[in-house]
Amino acid sequence: MLLSSLVLGERIGPNRIAAVALGFAGVCLVLGVGSVPLEAVMLLPLGAGLLYGLNVMVTRSWCADESSICLATWQTLFFLGAGAVGLMLAPGLARLVGDVPGTGFITMEPTAVTSRGLVLAALIGLSGLLGGGLLATGYRLGRSSVVGLFDYSFLVWAPLFGWLIRGEGVALRTVGGMALIALAGVLAMRAGRRMEARQAAARRGG
């Protein structure tokens, strides 16, 4: 929301600010912020969030005329390249962060690839490709401060699928966070519609 206002000049009204605040509170509830001690490794997601926000700005300002297939293809190719670089750097990175809590996914030993693993990886890749294309299209066509709220709907779907497929329990805190995220989405849509109506009225008046 901040970047869309500062970089793209989008007007951020009080209703949209309230929607983002509710959505952020919902995200914190789902992730259990405050239930675990703060660690240095938690700065990595903050940096990732900033870079992701910049990605949204670039998509909206520079790629408005590109097709969804083009955006999804280049995004996937870049992810493949970044993943290959990450695999090459993993041994050195593991030695660098080996004693840092929360980095076990970097230091774990490689395991043999199974046919089931390949199928699951293909399904994950396909769903990621489709999801990335839909996200890019949404950010290209809609207001970043509104679409960004729905980007975090994965925090609603992940526990839901975990319950439906794996039978995982859903904590009351998670349910409350999901409700706040859904409410934030409704407020953002209503704010967007009111703004579009005012803009349409201004054009008719002009």
Side-chain angles (χ1 to χ4, degrees), residues 3-4 23 26-27 30-32 41 44-91 93-94 102-171 174-175 177-178 181-182 184-186 188-189:
L3 289 174
S4 65
V27 170
V30 172
L31 296 180
V41 72
L44 292 176
L46 291 177
L50 175 61
L51 293 175
Y52 186 76
L54 291 174
N55 171 55
V56 170
M57 296 302 99
V58 170
T59 301
R60 180 74 190 279
S61 58
W62 293 354
C63 306
D65 298 327
E66 301 293 342
S67 67
S68 301
I69 295 178
C70 176
L71 291 173
T73 299
W74 281 106
Q75 186 179 52
T76 302
L77 290 175
F78 180 81
F79 285 163
L80 288 172
V85 173
L87 286 175
M88 291 186 290
L89 296 178
L93 189 60
T103 57
F105 68 96
I106 298 177
T107 58
M108 65 186 299
E109 293 293 326
T111 58
V113 179
T114 64
S115 57
R116 180 175 182 272
L118 288 175
V119 172
L120 292 175
L123 291 175
I124 291 172
L126 179 61
S127 63
L129 177 63
L130 294 175
L134 292 173
L135 272 178
T137 302
Y139 279 120
R140 180 171 58 88
L141 300 177
R143 289 182 174 273
S144 304
S145 55
V146 175
V147 178
L149 288 171
F150 293 92
D151 193 349
Y152 284 96
S153 65
F154 76 90
L155 292 168
V156 175
W157 295 111
L160 181 60
F161 284 129
W163 173 61
L164 292 174
I165 298 174
R166 299 174 58 89
E168 297 176 349
V170 181
T174 302
V175 174
M178 293 163 62
I181 294 172
V186 173
M189 282 193 299

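Residue numbers count from 1 along this sequence.
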Atom pairs and distances, side-chain donor-acceptor, residues 115-122, under 3.5 Å, sequence neighbours left out:
none

Residues that Phe161 engages under side-chain contact (heavy atoms from CB on, under 4.5 Å), provided they are two or more places apart
Trp157, Ile165
Restricting to salt bridge (Lys or Arg N to Asp or Glu O under 4.0 Å), what partner residues turn up for Arg166, sequence neighbours left out?
Glu168
